[in-house]
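What follows is a single structure, written as structure tokens, with notes after it.
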Amino acid sequence: MLHYTSNGVGNTIVLIHGFCEQSTCFNEQVFLLKADYNVITIDLPGHGQSPFMPSFTMNDVVDEVHKILNAESVTSCIMIGHSMGGYVTLAFAKKNGSMLNGFGLLNSTANADSDERKAKREQAIKLVSAHGPEIYVRNFIPTLFADGFSAATIAERQLANEHLTTETLIACLTAMKNRDDSNVFLTKTTLPVAFLIGKNDALIPATDMLQQAASVKTAMVNMLNEAAHMGMLEEPAKVANAIGEFAELCFE
């Protein structure tokens, strides 16, 4: 089973981190939300304290998340996914939508990888295979933050994720490259969907997320004006407040 933490009481919020991160990236959101909600954070395969899963798909991770919710006797919740965690969240909503009161994308997208993006994934796989994970992680993580963001926090995230292995990085890059497009699902879902958008996000452009939000029946949109791709660390209180407001909407 994947490693997870559960903090607080009340209705359940599930937070799922992205590629080259771990559940500790949500520490400030957990601290701010646990007085009113049961907040579950999950380490994705090979990240944090979770074991490695070879050649997994997003649906394989969904099954592992489902096991955690069953173990915690959670029958309804909202789920917020950051980046790759958003891809897991979308796959979970497709497969287990009856368990969700709503779900959210934090610096994430319903789009499948474009041909250009797939080529970049392949380049990253070759880089990791040739030079190992340390160089990749050390150079990749700073590119996720807005210019001028705290160098100390970036260094902390590099250190926190230096355990990532070649096998984990390749499995994740492959799973992301091969994931399904979810735009049609967004137009059809009756669940509320939150969009937490980094204004300066180079990986997930704000224009794409705004277009997707416009296609949803019930959407809550929050623009993170100071953030790039790491909203939960760049604007932690604003992200926590947005999640709390979304939870109120979904659980009312």
Side-chain angles (χ1 to χ4, degrees), residues 1-18 22-23 25-26 29-30 33-45 47-48 50-51 53 56-110 175-176 179-196 212-213 215-220 222 232 239-240 242-252:
M1 184 180 289
L2 298 178
H3 176 264
Y4 70 96
T5 63
S6 179
N7 292 276
V9 294
N11 290 315
T12 298
I13 298 172
V14 180
L15 303 177
I16 304 181
H17 68 82
Q22 57 179 286
S23 57
C25 70
F26 290 117
Q29 286 77 41
V30 173
L33 292 167
K34 66 181 181 179
D36 299 307
Y37 297 98
N38 170 38
V39 186
I40 293 176
T41 60
I42 299 171
D43 283 333
L44 291 175
H47 293 66
S50 282
M53 284 175 58
F56 64 82
T57 66
M58 295 303 159
N59 279 326
D60 292 331
V61 183
V62 165
D63 292 340
E64 294 300 310
V65 173
H66 192 263
K67 289 177 186 177
I68 290 170
L69 297 184
N70 283 343
E72 290 293 308
S73 299
V74 173
T75 57
S76 66
C77 63
I78 67 167
M79 186 174 293
I80 309 290
H82 171 252
S83 197
M84 186 172 80
Y87 310 151
V88 174
T89 297
L90 283 163
F92 190 96
K94 291 178 185 178
K95 193 171 184 179
N96 303 295
S98 62
M99 296 184 69
L100 297 178
N101 290 65
F103 64 92
L105 302 177
L106 168 58
N107 303 116
S108 193
T109 180
M176 289 189 288
R179 74 184 188 278
D180 294 332
D181 188 278
S182 296
N183 280 286
V184 172
F185 169 73
L186 277 187
T187 66
K188 293 182 177 180
T189 185
T190 58
L191 292 169
V193 185
F195 294 83
L196 291 87
Q212 290 169 33
S215 75
V216 175
K217 292 179 176 67
T218 304
M220 177 178 284
N222 282 271
M232 66 285 183
V239 168
I243 293 172
E245 290 174 4
F246 184 62
E248 287 183 20
L249 168 70
C250 294
F251 291 123
E252 68 180 8

(message) Parallel, tilted or perpendicular: which one describes the rings of His47 and His17, with boundaries at 30° and 60°?
(response) tilted

(request) Looking only at non-hydrogen atoms, find the nearest pair between Ser108 and Tyr87 and report the distance. (result) OG-CE2, 3.5 Å

(request) Measure across Ala219 and Ala213 and return the closest heavy-atom pair with its distance rounded to 0.1 Å. (result) CB-O, 3.6 Å

(request) Check whether any side-chain heavy atom of Ile243 sits under 4.5 Å from a side-chain heavy atom of Leu15, and report yes or no. (result) yes

(message) For Thr109, is there any backbone N or O sitting under 3.5 Å from a side-chain donor or acceptor partner on Gln212?
(response) no

(request) Start with the C-alpha gap between Gln29 and Val239, add the side-chain angles, then the distance that decides, and say whether side chain to side chain contact (heavy atoms under 4.5 Å, CB included) holds. (result) CA-CA 7 Å; Gln29 286 77 41; Val239 168; 4.0 Å; yes

(message) Quick one: does any side-chain atom of Asp60 pair with a main-chain N or O of Thr57 as donor and acceptor, under 3.5 Å?
(response) yes

(request) For the pair Ser23 (side chain) and Thr41 (backbone), establish whether a donor and an acceptor sit closer than 3.5 Å, ignoring hydrogens and angles. (result) no

(request) Return the minimal non-hydrogen interatomic distance between Met53 and Pro45, and the atom names on each side. (result) SD-CG, 3.5 Å

(message) Nearest 0.5 angstrom please: Ile78 CD1 to Asn101 CG, how far?
(response) 8.0 Å

(request) Report yes if the side chains of His3 and Gln22 come closer than 4.5 Å at any heavy-atom pair, otherwise no. (result) no

(message) Within the structure provided, determine whether Leu69 and Phe92 are in side-chain contact (heavy-atom separation under 4.5 Å).
(response) yes

(request) State, yes or no, whether a side-chain contact exists between Lys95 and His66 at a heavy-atom distance under 4.5 Å. (result) no

(message) Would you compute the distance between atom SG of Cys77 and atom CZ of Phe251 and round it to the nearest 0.5 angstrom?
(response) 6.5 Å

(request) Taking the side chain as every heavy atom from C-beta outward, state whether Leu90 and Arg179 have any atom pair closer than 4.5 Å. (result) no

(message) Contact between Phe26 and Ile13 at the side-chain level, heavy atoms closer than 4.5 Å - yes or no?
(response) no

(request) Compare every heavy atom of Met58 with every heavy atom of Ala91, then report the nearest pair and how far apart it is. (result) CB-CB, 4.1 Å

(message) If I take atom CG from residue Leu105 and atom CG from residue Asn107, how far apart are they, to the nearest 0.5 angstrom?
(response) 10.0 Å

(message) Rounded to the nearest 0.5 Å, what separates atom CG in Leu196 from atom CZ in Phe246?
(response) 9.0 Å

(request) Mind listing the closest non-hydrogen atom pair of Asp181 and Asn183 along with its distance? (result) OD1-N, 2.9 Å

(message) Let me confirm one number: the CD1-CD1 distance from Ile42 to Ile68, rounded to the nearest 0.5 Å.
(response) 4.0 Å

(request) Answer yes if the side chains of Thr187 and Ser215 hold a donor-acceptor pair under 3.5 Å, and no otherwise. (result) no

(request) Answer whether the closest heavy-atom distance between the side chains of Asp180 and Lys94 falls below 4.5 Å. (result) yes

(request) Return the minimal non-hydrogen interatomic distance between Val62 and Val88, and the atom names on each side. (result) CG2-O, 3.6 Å

(request) With rounding to the nearest 0.5 Å, note down the distance linking CG in Leu33 to CD1 in Ile80. (result) 9.5 Å

(request) Report yes or no: do Thr12 and Asn38 form a side-chain donor-acceptor pair below 3.5 Å? (result) yes

(request) Check whether any side-chain heavy atom of Tyr4 sits under 4.5 Å from a side-chain heavy atom of Glu72, and report yes or no. (result) yes

